[in-house]
Number of protein chains: 2
Amino acid sequence: MNTAQAKARADLLKALAHPTRVLMLDELSRGDRSVNDLRRLAAASQPTISRHLDRLKKAGIVTERRVGPRVIHHLACPCMLQALSCTLEALKSVKKRQADIV
Amino acid sequence: MNTAQAKARADLLKALAHPTRVLMLDELSRGDRSVNDLRRLAAASQPTISRHLDRLKKAGIVTERRVGPRVIHHLACPCMLQALSCTLEALKSVKKRQADIV
DNA sequence: GACATATATTCACATATTCGTATATGTATA
DNA sequence: TATACATATACGAATATGTGAATATATGTC
């Protein structure tokens, strides 16, 4: 892997690497959602949610379409869900190892 | 998914989300490596490499053992490689979508 | 013990990220 | 056009992250 490739991958991972965005992607995996829908998930202000979504859009993970006054968001890269499920497995593995040491 | 779970997952993703650490994990997927081995991959100083490794260790993704004067690093969480391969697929998907628009 | 090699830590600084408040924009409806 | 609702952007402050230079620590060899 070269440097440019590594940077592109790291940028994609960064786009995921925030608790609020993790929650958002998990929710979007169950269907398209408006900004307000997603806002209810996280304890954050509306502008904050809007910016997190913008980040996901810029990374190309999420797309949007306008329906009346709302902007509906769609998970354009379902493959990124694998990265999420993979963190769950990793967490289990880390916990298990720590338990073995103790 | 609750907030604590989302934070734990995001922390794990953050540990991966840096070009140098992406390169390191890719290299460690092919076998255990010393700090100096990994240093050759990335254009960074020795202290910088050391701290990136520390970050991976604290996240539980990498373990270390001392062999003589060297510290050998081992990928303890091969499951995290899925997150890496998944970014490759996502990058392809994003590029394809952009090409379709153009 | 003196010295070379391998790795870690401290420090100071630059940059990036995240956030809420305030404000602007877009859309629908009366 | 006036008003309400949904979403986006600008701004400034707090915090986190990344970095190299200098230095400290650990290990092996002579």
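Letters A, B, ... are given to chains in the order of the sequence lines, protein chains preceding strands, and every chain is numbered from 1.
Using a 4.5 Å heavy-atom threshold, the side chains of B:Thr63 and A:Arg97 count as touching. Between B:Val35 and B:Arg70, the closest side-chain pair of non-hydrogen atoms is not below 4.5 Å. Using a 4.5 Å cut-off on side-chain heavy atoms (C-beta onward), A:Gln46 and A:Arg39 make contact. The shortest side-chain heavy-atom distance between B:Leu81 and B:Leu75 falls under the 4.5 Å cut-off. Contact check for B:Val94 versus A:Cys77: side-chain heavy atoms found under the 4.5 Å cut-off.
A:Arg51 pairs by the side chain to side chain contact (heavy atoms under 4.5 Å, CB included) definition with A:Pro47, A:Thr48, not counting sequence neighbours.
A distance of 8.5 Å separates CG in A:Leu88 from CE in B:Met1, rounded to the nearest 0.5 Å. Between the CD atom in A:Gln82 and the OG atom in B:Ser85 there is a gap of 7.0 Å [rounded to 0.5 Å]. Note that CG of A:Leu38 is 9.5 Å distant from CG of A:Leu56, once rounded to the nearest 0.5 Å.
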For residues 8-17 of chain B, which side-chain donor-acceptor pairs fall under 3.5 Å, sequence neighbours excluded?
residue : atom : partner : partner atom : Å
B:Arg9  : NE   : B:Gln5  : OE1          : 3.1
B:Arg9  : NH1  : A:Leu84 : O            : 3.4
B:Asp11 : OD2  : B:Lys7  : NZ           : 2.8

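Side chain to side chain, B:His73 and B:Arg33 fail the donor-acceptor criterion of an N or O pair below 3.5 Å.
Remark: A:His18 is not in phosphate contact with C:dA16, judged by side-chain N or O atoms under 4.0 Å from OP1 or OP2.
For the pair B:Arg70 CZ and C:dT7 P, the computed distance is 7 Å after rounding to whole Å.
Within residues 59-66 of chain A, the residues that have a heavy atom under 4.0 Å from DNA chain C are, in order of number, A:Arg66. Within a heavy-atom distance below 4.0 Å of DNA chain C, the residues of residues 46-56 of chain A found are A:Pro47, A:Thr48, A:Arg51, A:His52, A:Arg55. Of the residues in residues 19-33 of chain B, none has a non-hydrogen atom less than 4.0 angstrom from any atom of DNA chain C.
Side chain of A:Asp26 to main chain of A:Leu23: no donor-acceptor pair is present (N/O by atom type, distance under 3.5 Å, no hydrogens or angles).
Here chain B contacts DNA chain D (any atom closer than 4.0 Å to a heavy atom, that is under 4.0 Å), and the contacts span D:dT17 to D:dG28 from 5' to 3'.
Residue whose closest nucleotide on DNA chain C sits further toward the 5' end, between A:Val67 and A:Lys14: A:Lys14.
Both A:Leu91 and B:Val62 are assigned to one and the same hydrophobic cluster, defined by single-linkage of ILVMFWY side chains at heavy-atom distances under 4.5 Å.
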